[in-house]
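Reckoned from all heavy atoms, side chains included, excluding hydrogens, waters and symmetry mates. Chain letters run A, B, ... following the sequence lines, proteins first, then strands; residues in each count from 1.
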Amino acid sequence: MDKIKVQDFSLKHTIECGQFFYYIYDDKTNFYYIVNKNIVFKVKQEADYLHYYGIKKEELIYFFSLDIDIKTMTKDFSEDKYLILSLEKYFGMRLIRQDFEQCLISFVCSSASNIPKIQKNIFQLSKYFGKETGFDSKLFFTFPKIEQLDDITKIKNAKTGFRAKYILEINNIIKENPKLLEEIKIMNYKDAKESLMTLPGIGSKVADCICLFSLNHTEAFPIDTWVKQVIENLYLKREAKNLKEIEEYIEKNFKINKGLKQQYLFHYARNHLKE
DNA sequence: CACCAGGACCTAG
DNA sequence: CTAGGTCCTGGT
């Protein structure tokens with residue numbers, strides 16, 4: 001077991017804010033067991049320390065964006081009433097840098113769904129297609145490569161529903177063009193988003209999630225129904241004419257660190273706009 | 001039982 | 001180019 005001192009970090013908010021799905025929380029020990037690609041590790045927070053096992057220090061820092069100076073990044077939050085409120089409530093929430101392929105499949109599963117269901121999909125897909133791995137006397141399955149997700153029956157058995165055919169089609173596309181994913185990884189934001197959107201089951205919102213949570217494109221700003229509500233109800237104070245108007249508002253008013261602002265606004269929305 | 005939900009896609013107008 | 005139906009599943 002190793003430990004590391006952290007600043008301005010909330011493990012709970014970071015893991016549970018809906019950007020990452022493949023984890024189990026053990027309420028007896030307070031450890032989060034996390035599976036990212038083929039790595040299983042556990043981590044818990046006690047005050048300003050993270051206790052961790054199963055992952056290298058550098059990888060842990062990268063995964064949780066602990067190399068980022070959040071105080072600097074959130075400086076201009078003070079210009080926005082709702083960002084201030086959200087920052088108080090969710091202080092320490094950071095963007096996770098997760099495995100690209102795991103993120104891609106997770107967010108294909110996310111459409112018209114919810115967190116528990118997405119988690120179920122990911123756990124099941126891993127069970128069917130991943131590799132069994134013992135850790136801490138528990139049983140885990142690594143998250144498979146997209147290339148391996150080639151059995152429609154198993155994909156459906158993972159309760160992915162109408163998204164199953166998307167996953168299989170993406171599998172086919174990747175097999176025919178094995179370099180595509182690596183190419184997307186090194187593209188700029190605009191090109192990466194565009195390329196992702198050529199894949200079935202990936203529209204604008206899902207592509208932005210993948211860009212933000214796994215490709216380090218911190219300017220991505222996923223617009224889901226909650227964020228749409230925030231912009232309409234709190235900022236515009238009326239319904240938007242269309243999605244374009246929302247995008248333009250965001251472009252104008254959240255110039256820098258857009259992705260992080262999106263996360264905080266999203267959470268503000270979920271708690272304050274329930275009706 | 002009917003309805004709906006953190007989205008994408010398809011089709012008609 | 002856009003509104004509205006449809007797609008599985010699981011919860012209400």
Chemist: Can you figure out which of B:dA5, B:dG7, C:dT2 approaches the side chain of A:N242 most closely?
Modeler: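 Taking heavy atoms from C-beta onward, the closest nucleotide is C:dT2.
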
Chemist: Extract all donor-acceptor atom pairs below 3.5 Å that involve side chains of residues 239-250 of chain A and protein atoms in other chains or at least two apart in sequence.
Modeler:
{"unit_1": "A:N242", "atom_1": "OD1", "unit_2": "A:K244", "atom_2": "N", "d": "3.2"}
{"unit_1": "A:N242", "atom_1": "OD1", "unit_2": "A:E245", "atom_2": "N", "d": "2.9"}
{"unit_1": "A:E245", "atom_1": "OE1", "unit_2": "A:K241", "atom_2": "N", "d": "2.6"}
{"unit_1": "A:E245", "atom_1": "OE2", "unit_2": "A:R238", "atom_2": "NH1", "d": "3.1"}
{"unit_1": "A:E245", "atom_1": "OE2", "unit_2": "A:R238", "atom_2": "NH2", "d": "2.5"}

Chemist: Indicate, with a heavy-atom threshold strictly under 4.0 Å, whether A:S113 touches base, sugar-phosphate, or nothing.
Modeler: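 Base contact.
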
Chemist: What integer distance in Å separates A:N271:CG from B:dG6:P?
Modeler: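 It is 14 Å, rounded to the nearest whole Å.
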
Chemist: How close or far is atom C1' of C:dC8 from atom CG of A:L168, stated in whole angstroms?
Modeler: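 My rounded result for the distance is 16 Å.
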
Chemist: What nucleotide among C:dG10, C:dC8, B:dA8 has an atom nearest to a side-chain atom of A:K120?
Modeler: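 Within the option list, the nearest is C:dG10.
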
Chemist: Which nucleotide sits closest to the side chain of A:D224: B:dG6, C:dG10, C:dC8?
Modeler: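 Side chain of A:D224 sits closest to B:dG6.
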
Chemist: When you measure from every atom of DNA chain C, which of residues 144-162 of chain A have a heavy atom less than 4.0 Å away?
Modeler: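 Correct list: A:K159, A:G161, A:F162.
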
Chemist: Once salt bridge (Lys or Arg N to Asp or Glu O under 4.0 Å) is applied, do any residues pair with A:D8, and if so which ones, sequence neighbours excluded?
Modeler: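 Testing A:D8 for salt bridge (Lys or Arg N to Asp or Glu O under 4.0 Å), a comparison that skips the adjacent residues, returns A:K71.
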
Chemist: Would you please test A:D76 and A:K261 for salt bridge (Lys or Arg N to Asp or Glu O under 4.0 Å) and show each step?
Modeler: CA-CA 10 Å; A:D76 70 330; A:K261 287 174 182 169; 2.8 Å; yes

Chemist: Could you check which of B:dC9, C:dT2, B:dG6 has an atom nearest any side-chain atom of A:Y166?
Modeler: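 Selected nucleotide (nearest to the side chain): B:dC9.
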
Chemist: For A:S137, give me all partners under side-chain contact (heavy atoms from CB on, under 4.5 Å), at least two apart in sequence or on another chain.
Modeler: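 Scan of A:S137 (side-chain contact (heavy atoms from CB on, under 4.5 Å), adjacent residues dropped) gives none.
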
Chemist: For a quick test of your reading: what N or O donor-acceptor pairs under 3.5 Å do the side chains of residues 114-121 of chain A make, sequence neighbours left out?
Modeler:
{"unit_1": "A:N114", "atom_1": "OD1", "unit_2": "A:K117", "atom_2": "N", "d": "3.1"}
{"unit_1": "A:Q119", "atom_1": "NE2", "unit_2": "A:F21", "atom_2": "O", "d": "3.4"}
{"unit_1": "A:N121", "atom_1": "ND2", "unit_2": "A:K117", "atom_2": "O", "d": "3.4"}
{"unit_1": "A:N121", "atom_1": "ND2", "unit_2": "A:A158", "atom_2": "O", "d": "2.9"}
{"unit_1": "A:N121", "atom_1": "ND2", "unit_2": "A:K159", "atom_2": "O", "d": "3.0"}

Chemist: I need the CZ-P distance between A:F123 and C:dG10, as an integer number of Å.
Modeler: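 The answer, rounded to whole Å, is 16 Å.
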
Chemist: Pairs counted only when both distances fall under 3.5 Å, Watson-Crick or G-U: show me the 5' to 3' dot-bracket for DNA chain B, [ ] for pseudoknotted crossings and | for other-strand partners.
Modeler: .||||.|||||||

Chemist: Is the ring centre of A:F41 less than 6.0 Å from the ring centre of A:F63?
Modeler: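 Ring centres of A:F63 and A:F41 closer than 6.0 Å.
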
Chemist: Pick the P atom in B:dC3 and in C:dG5, then give their distance to the nearest Å.
Modeler: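 Those two atoms are separated by 13 Å.
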
Chemist: How many Å lie between CE on A:M197 and C1' on B:dA8, as a whole number?
Modeler: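 Computing the A:M197:CE to B:dA8:C1' distance gives 10 Å.
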
Chemist: Does any donor-acceptor pair link the side chain of A:R163 with the base of B:dG7 at a separation under 3.5 Å?
Modeler: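 In this structure, the two groups form no donor-acceptor pair.
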
Chemist: Could you tell me which residues satisfy salt bridge (Lys or Arg N to Asp or Glu O under 4.0 Å) with A:R97, sequence neighbours excluded, listed by chain and number?
Modeler: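 A:R97: salt bridge (Lys or Arg N to Asp or Glu O under 4.0 Å) contacts with A:D67.
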
Chemist: What is the distance, to the nearest angstrom, from the CD atom on A:Q262 to the C1' atom on B:dG6?
Modeler: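 It works out to 10 Å between those atoms.
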
Chemist: Below 4.0 angstrom, N of the basic side chain to O of the carboxylate: do A:E182 and A:K179 qualify?
Modeler: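 Salt bridge flag = no for A:K179 with A:E182.
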
Chemist: With a 3.5 Å cut-off and sequence neighbours excluded, list the donor-acceptor pairs that the side chains of residues 197-212 of chain A form with protein atoms.
Modeler:
{"unit_1": "A:T198", "atom_1": "OG1", "unit_2": "A:S195", "atom_2": "O", "d": "2.5"}
{"unit_1": "A:S204", "atom_1": "OG", "unit_2": "A:K193", "atom_2": "NZ", "d": "3.1"}
{"unit_1": "A:D208", "atom_1": "OD1", "unit_2": "A:Y189", "atom_2": "OH", "d": "2.5"}
{"unit_1": "A:D208", "atom_1": "OD2", "unit_2": "A:K193", "atom_2": "NZ", "d": "3.0"}

Chemist: Who are the ring-ring contact (aromatic ring centres under 6.0 Å, His included) partners of A:F129, not counting sequence neighbours?
Modeler: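 Not a single residue meets the ring-ring contact (aromatic ring centres under 6.0 Å, His included) criterion with A:F129.
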
Chemist: Looking across every strand, which nucleic acid part, if any, lies under 4.0 Å from A:I202 by heavy atom: base, sugar-phosphate, or nothing?
Modeler: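 Contact class for A:I202: sugar-phosphate only.
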
Chemist: Pick base, sugar-phosphate or nothing for A:L243, based on heavy-atom distances below 4.0 Å to the nucleic acid.
Modeler: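 Touches nothing.
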
Chemist: Rounded to the nearest Å, what distance is computed from the NZ atom of residue A:K205 to the P atom of nucleotide B:dA8?
Modeler: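 Between P of B:dA8 and NZ of A:K205: 7 Å.
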
Chemist: Can you check the distance between B:dC4 and C:dG4, where both ends of the measurement are the C1' atom (answer in whole Å)?
Modeler: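 Going atom to atom, C1' in each nucleotide, I get 16 Å.
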
Chemist: Considering only the P atoms, how many Å lie between B:dT11 and C:dC8, rounded to the nearest integer?
Modeler: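 Between the two P atoms, the distance is 16 Å.
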
Chemist: Can you measure A:Q119 atom CD to C:dG10 atom P for me and round it to whole angstrom units?
Modeler: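 So the two atoms are 14 Å apart, to the nearest Å.
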
Chemist: How are the rings of A:Y25 and A:Y32 set to each other: parallel, tilted or perpendicular (split at 30° and 60°)?
Modeler: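 Taking A:Y32 first and then A:Y25, their aromatic rings sit tilted (interplane angle of 30° to 60°).
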
Chemist: Return the value, rounded to whole Å, for the distance between atom CD1 of A:I210 and atom C1' of B:dA8.
Modeler: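 After rounding, the reported distance stands at 12 Å.
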
Chemist: Contact class for A:P200 (heavy atom, under 4.0 Å): base, sugar-phosphate, or nothing?
Modeler: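 Sugar-phosphate, backbone atoms only, no base.
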
Chemist: Reading DNA chain B from 5' onward, which residue's closest nucleotide shows up sooner: A:L199 or A:C17?
Modeler: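 Checking each residue's closest nucleotide, the 5'-ward one belongs to A:C17.
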
Chemist: Choose from B:dG7, C:dT9, B:dG6 the nucleotide whose nearest atom is closest to any side-chain atom of A:K117.
Modeler: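 So the side chain of A:K117 is nearest to C:dT9.
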
Chemist: Using atom types as modelled, flag every donor-acceptor pair under 3.5 Å from a side chain in residues 162-175 of chain A to any protein atom, sequence neighbours excluded.
Modeler:
{"unit_1": "A:R163", "atom_1": "NE", "unit_2": "A:C109", "atom_2": "O", "d": "3.2"}
{"unit_1": "A:R163", "atom_1": "NE", "unit_2": "A:S111", "atom_2": "O", "d": "3.0"}
{"unit_1": "A:R163", "atom_1": "NH1", "unit_2": "A:T160", "atom_2": "O", "d": "2.9"}
{"unit_1": "A:R163", "atom_1": "NH2", "unit_2": "A:S111", "atom_2": "O", "d": "2.9"}
{"unit_1": "A:R163", "atom_1": "NH2", "unit_2": "A:A112", "atom_2": "O", "d": "3.3"}
{"unit_1": "A:K165", "atom_1": "NZ", "unit_2": "A:F162", "atom_2": "O", "d": "3.0"}
{"unit_1": "A:N171", "atom_1": "OD1", "unit_2": "A:K175", "atom_2": "NZ", "d": "3.3"}
{"unit_1": "A:N171", "atom_1": "ND2", "unit_2": "A:I146", "atom_2": "O", "d": "2.8"}
{"unit_1": "A:N171", "atom_1": "ND2", "unit_2": "A:E147", "atom_2": "O", "d": "2.9"}
{"unit_1": "A:N171", "atom_1": "ND2", "unit_2": "A:L149", "atom_2": "O", "d": "3.2"}
{"unit_1": "A:N172", "atom_1": "ND2", "unit_2": "A:L168", "atom_2": "O", "d": "3.4"}

Chemist: For nucleotides 10-13 of chain B, print each protein N/O atom paired with a nucleotide N/O atom at under 3.5 Å, atom names and distance only.
Modeler:
none

Chemist: By salt bridge (Lys or Arg N to Asp or Glu O under 4.0 Å), which residues pair with A:D136, not counting sequence neighbours?
Modeler: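 With neighbours one apart ignored, the set is A:K42.
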
